[in-house]
Amino acid sequence: MKDTTQLYIYPASYAHEHGELEQYRASYKANIACKEAIEQAIADHYRDNCLSTEAVHQVVEQFGYDRMFYVLANTVRQKDWDGRISRDNKAWAKIIPVYENPDGFGYDRNVYFVVDRSHPGLTDLFLTQARREYALAQEKKPSVRDSLNKNAGQQVRAEKPKQHKGRNDNRVN
């Protein structure tokens, strides 16, 4: 079942100030559910010292790339000290906007959707696979410009025989 809750990246204080607490709460619950799905997918698909790419597909199918990457970026940021997470993934996580979300006592609410039931090395592997799968999916998608150029090319080819035929008719006369 696909979760269609819109990702809300701003902290609770911002949501409160802007009358968006309902969206914040729904997104926050979905973030926690996504974290649990990532942990379950890793547990389901890690066998014989190998993490199947099906783990990534299982989570993407349910939550999509945006929420999955948001949860993973938060996880990596919260575990910035952990040497079992690659430098590449740490650098990637820094470009994803994840705002601090302190509660009334000053604790960060984002810790509740940190992937922590899985070994950090497996979480890192999952993220690496997810980033690779996303890049492959983007390569397969034609850009809007490519689609327009392709359609324009088809129109030009369709018009060329008419123009060519017309020129031949002029030469014959």
Identify the heavy atoms of [X] and [Y] that sit nearest to each other, and give their distance.
X: I96; Y: R77; value: O-NH2, 2.7 Å
X: A73; Y: A93; value: O-CB, 3.8 Å
X: I85; Y: P120; value: CG1-O, 4.2 Å
X: W81; Y: Q78; value: NE1-O, 3.5 Å
X: L7; Y: Y70; value: CD1-CD2, 3.8 Å
X: I42; Y: S118; value: CD1-OG, 3.7 Å

- Message: Let's go through N49 and Y46 carefully: what are the C-alpha distance in whole Å and the side-chain angles of both, what is the deciding distance for side chain to side chain contact (heavy atoms under 4.5 Å, CB included) to 0.1 Å, and is it a yes or a no?
- Response: CA-CA 7 Å; N49 291 327; Y46 181 67; 3.0 Å; yes
- Query: Has Y65 got more than 12 heavy atoms of other residues, nucleotides or ligands less than 6.0 Å from its OH?
  - Reply: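 Yes.
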- E61 atom CD: more than 12 heavy-atom contacts under 6.0 Å: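 It does not: E61 CD has 12 such atoms or fewer within range.
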- Message: Name the residue from Y28, Y24, Y10 that meets the side chain to side chain donor-acceptor pair (under 3.5 Å) definition with N101.
- Response: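 Single pass found, and it is Y24.
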Exam field: side chain [X] to backbone [Y], donor-acceptor pair closer than 3.5 Å:
X: R109; Y: P11; answer: no
X: D103; Y: G106; answer: yes
X: T75; Y: V71; answer: yes
X: T5; Y: A30; answer: no
X: K90; Y: V76; answer: no

- Do any pairs count as a salt bridge (charged side-chain N to carboxylate O under 4.0 Å, His left out) and have a residue in residues 30-41, sequence neighbours left out, and if so which ones?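 Matches after skipping sequence neighbours: K35-E39, K35-D116, E39-R117.
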Would you tabulate the side-chain donor-acceptor contacts of residues 122-130 under 3.5 Å, counting partners in other chains and residues two or more places apart, or write 'none'?
{"residue": "T123", "atom": "OG1", "partner": "H119", "partner atom": "O", "Å": "3.3"}
{"residue": "D124", "atom": "OD1", "partner": "S86", "partner atom": "N", "Å": "3.0"}
{"residue": "D124", "atom": "OD1", "partner": "S86", "partner atom": "OG", "Å": "3.3"}
{"residue": "D124", "atom": "OD1", "partner": "N89", "partner atom": "ND2", "Å": "2.6"}
{"residue": "T128", "atom": "OG1", "partner": "N89", "partner atom": "ND2", "Å": "3.0"}
{"residue": "T128", "atom": "OG1", "partner": "D124", "partner atom": "O", "Å": "3.0"}
{"residue": "Q129", "atom": "NE2", "partner": "L51", "partner atom": "O", "Å": "2.8"}

- Task: Output, in order, the C-alpha distance, side-chain angles, deciding distance and verdict of side chain to side chain contact (heavy atoms under 4.5 Å, CB included) for H45 and C50.
- Result: CA-CA 8 Å; H45 297 284; C50 185; over 6 Å; no
- Query: What distance do R67 atom CZ and I9 atom CD1 have between them, rounded to the nearest 0.5 Å?
  - Reply: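 With rounding to 0.5 Å, CZ (R67) is 11.5 Å from CD1 (I9).
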- Item | Gap between atom CZ of R131 and atom CH2 of W92 - 0.5 Å precision |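 It comes to 6.5 Å.
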Is there a path of hydrophobic side-chain contacts, each under 4.5 Å between heavy atoms of I/L/V/M/F/W/Y residues, joining [Y] to [X]?
X: Y112; Y: Y107; result: no
X: F69; Y: L136; result: no
X: V114; Y: I32; result: no

- Message: Between Y14 and Y99 (judged by ring centroids, cut-off 6.0 Å), do the two rings come close enough to count as a pair?
- Response: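 Between Y14 and Y99, the centre distance exceeds or equals 6.0 Å.
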- Any residue meeting salt bridge (Lys or Arg N to Asp or Glu O under 4.0 Å) with D3, in chain and number order, not counting sequence neighbours: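 Once residues adjacent in sequence are excluded, D3 has no partner under the salt bridge (Lys or Arg N to Asp or Glu O under 4.0 Å) criterion.
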- Task: Dump the intermediate steps for side chain to side chain contact (heavy atoms under 4.5 Å, CB included) on M68 and C34, then the final yes or no.
- Result: CA-CA 7 Å; M68 180 183 68; C34 182; 4.3 Å; yes
- Message: Determine whether H57 and E133 satisfy the following criterion, side chain to side chain contact (heavy atoms under 4.5 Å, CB included), listing intermediate values before the conclusion.
- Response: CA-CA 9 Å; H57 297 163; E133 292 292 319; 3.0 Å; yes
